[in-house]
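Start at 1 with the first residue, then count along the sequence.
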Amino acid sequence: MDAKTLWDNVNYYFKDFVLFKIQDVGITISHLVVAAFAILLSLVASRFIRLALRKQVLDKMHIDKGLEYALLRFIHYIILIIGVYIGLKTINIPLGAIVGLFAVIGVGIGFGLQNLASNFISGVILLLERPVKVGDRLEVNDVWGDVKRINLRTTLIETPDNIAIIVPNSKLLENEVTNFSYGDPKIRLRIPVGIAYGSDCEKASEIMIQAAAENSRVLKNPAPKTWFREFGDSSLNFMLLCWIPNAVEKFDVISELNHAIDKGFRENGIEIPFPQRDLHLRSAEATVRFLRKTEGD
């Protein structure tokens, strides 16, 4: 086979050989290459446009990071849709065929893609309504983490232990999710403290409030305070209440306050009790007499 014949064969299979048809439109390898190139070009264009917008416009506007992320994601999807449309028009696929393709997808959703469609729609709602946004501190199923990325199907949450949790978007809308960053980010800490019976309650309250007031991460307003909650089985139970700027520092601040309270109690002779029980044997003597009488018989 000479070079001309080889070139003719390659040209035929690339441009003229029909792989399949969509409404009487023959799709060849060249069509697929052009469509793929258009989509790839839209992805590259999306990346550069979003980068330019972030540096030249959004950073100067100082808008919320979550809103910035949502806007850039929508721009990405719009550019991608335009690229797909251009790719389909380039290979002369009629609009009716595109509508038919979506109809087939709709049938697929009816037969088993409900979960995928639900997560997709939930992702759009999350980006539009923004009950959860990038940077928020969430608690999902007793797990803490920060939202790192919201995709159309899943949301990526990263815990303080650097563990990535991938949550379907529908779960964030259907289930209860604690968002510590929604609205006002500051939260109130409730730290339980028990002291031994007979301790100076007023002094204990002063030590707890002083520990919170001296902590640089605790807000001065509202001021820290204590509650005398109850007379427990083994202790007098108090609750220290104080505010911190955001939930990210919650466990660090609790640890610092516990250390400070323990130090203050030891310096002032206030005991933190351990659980104990008193056992009273009132019927022991009668039981012994009964056993002796039984042995005598």
Side-chain angles (χ1 to χ4, degrees), residues 62-70 126 129-148 150 155-163 165 167 172-173 175-196 199-232 234-273:
H62 302 290
I63 65 174
D64 179 74
K65 290 298 181 182
L67 178 59
E68 174 185 311
Y69 179 86
L126 288 176
E129 189 177 330
R130 301 174 64 236
V132 173
K133 59 184 184 297
V134 172
D136 283 358
R137 171 58 65 94
L138 304 183
E139 184 176 356
V140 183
N141 296 329
D142 297 326
V143 177
W144 282 63
D146 298 321
V147 178
K148 293 298 182 181
I150 301 177
T155 294
L156 176 64
I157 300 175
E158 187 178 282
T159 70
D161 300 322
N162 200 30
I163 298 174
I165 301 176
V167 181
L172 297 178
L173 295 179
N175 302 331
E176 288 188 3
V177 176
T178 303
N179 188 345
F180 291 94
S181 304
Y182 190 82
D184 191 347
K186 71 175 183 289
I187 64 170
R188 185 169 72 171
L189 300 182
R190 298 179 175 221
I191 304 175
V193 180
I195 63 175
S199 301
D200 187 342
C201 294
E202 295 295 333
K203 186 63 176 178
S205 293
E206 291 177 6
I207 293 172
M208 287 185 277
I209 293 175
Q210 182 180 358
E214 293 178 351
N215 191 292
S216 60
R217 298 201 249 191
V218 174
L219 297 176
K220 307 305 179 185
N221 186 25
K225 66 178 181 180
T226 59
W227 287 344
F228 188 165
R229 295 190 59 199
E230 61 182 356
F231 296 91
S234 306
S235 62
L236 304 172
N237 295 328
F238 287 78
M239 183 75 73
L240 171 63
L241 301 105
C242 58
W243 291 83
I244 60 176
N246 58 73
V248 176
E249 301 177 343
K250 175 181 178 180
F251 292 112
D252 290 333
V253 175
I254 290 177
S255 177
E256 293 171 2
L257 292 179
N258 283 337
H259 279 293
I261 292 170
D262 177 67
K263 180 181 178 181
F265 282 180
R266 284 188 283 105
E267 291 176 350
N268 290 272
I270 297 177
E271 180 183 353
I272 299 177

- Starting from the C-alpha separation in whole Å, work towards a yes-or-no answer on side chain to side chain donor-acceptor pair (under 3.5 Å) for Q210 and E206. CA-CA 6 Å; Q210 182 180 358; E206 291 177 6; over 6 Å; no
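- Rounded to the nearest 0.5 angstrom, I191 CD1 and M239 CE are separated by 9.5 Å.
- I272 and G194 get closest at one heavy-atom pair: CG2-O, 3.5 Å.
- For the atom pair CG (L257) and CG (L240), the distance works out to 6.0 Å, reported to the nearest 0.5 Å.
- Contact of the V147 side chain with the K133 side chain is not registered, since no non-hydrogen atoms from C-beta on lie closer than 4.5 Å.
- The shortest side-chain heavy-atom distance between N215 and P224 does not fall under the 4.5 Å cut-off.
- Contact annotation: the side chain of P131 approaches that of L173 to within less than 4.5 Å [non-hydrogen atoms, C-beta and beyond].
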- Task: Start with the C-alpha distance between K186 and L219, add both sets of side-chain angles, then the distance that settles side chain to side chain contact (heavy atoms under 4.5 Å, CB included), and finish with yes or no.
- Result: CA-CA 9 Å; K186 71 175 183 289; L219 297 176; 3.7 Å; yes
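- Shown here for S181 and D136, the closest heavy-atom pair between the two residues is CB-OD1, 3.4 Å.
- Looking at P160 and R137, their side chains come closer than 4.5 Å, going by heavy atoms from C-beta outward.
- With rounding to the nearest 0.5 Å, the separation of CG in D161 from CD1 in I163 is 5.0 Å.
- The minimum heavy-atom distance linking V253 with R217 is given by the pair CG2-CB, 3.9 Å.
- Annotation: the span from K250 atom NZ to L189 atom CG amounts to 7.0 Å, rounded to 0.5 Å.
- When each of I165, I157, V132, N175 is paired with V140, the side-chain contact (heavy atoms from CB on, under 4.5 Å) condition holds for I157 and for no other.
- No donor-acceptor pair under 3.5 Å is formed between the side chain of S235 and the backbone N or O of G232.
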- Item | Verdict with reasoning, L236 to F231, per side chain to side chain contact (heavy atoms under 4.5 Å, CB included) | CA-CA 5 Å; L236 304 172; F231 296 91; 3.4 Å; yes
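- At least one donor-acceptor pair under 3.5 Å links the side chain of K220 to the backbone N or O of A213.
- At a threshold of 4.5 Å between non-hydrogen side-chain atoms, the residues F265 and K203 do not count as touching.
- Note that SG of C242 is 8.5 Å distant from CD1 of I254, once rounded to the nearest 0.5 Å.
- Environment of CZ in R188: crowded, with over 12 heavy atoms of neighbouring residues, nucleotides or ligands closer than 6.0 Å.
- Summarising the geometry, atom CD1 belonging to I187 is positioned 8.0 Å from atom CG belonging to N246; distances are rounded to the nearest 0.5 Å.
- Across N268 and G264, no two heavy atoms sit closer than the pair ND2-O, 2.8 Å.
- Taking the salt bridge (Lys or Arg N to Asp or Glu O under 4.0 Å) definition, one finds that R266 meets it with D262, sequence neighbours left out.
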- What do the steps show when you test F228 against S205 for side chain to side chain contact (heavy atoms under 4.5 Å, CB included), and what is the final call? CA-CA 9 Å; F228 188 165; S205 293; over 6 Å; no
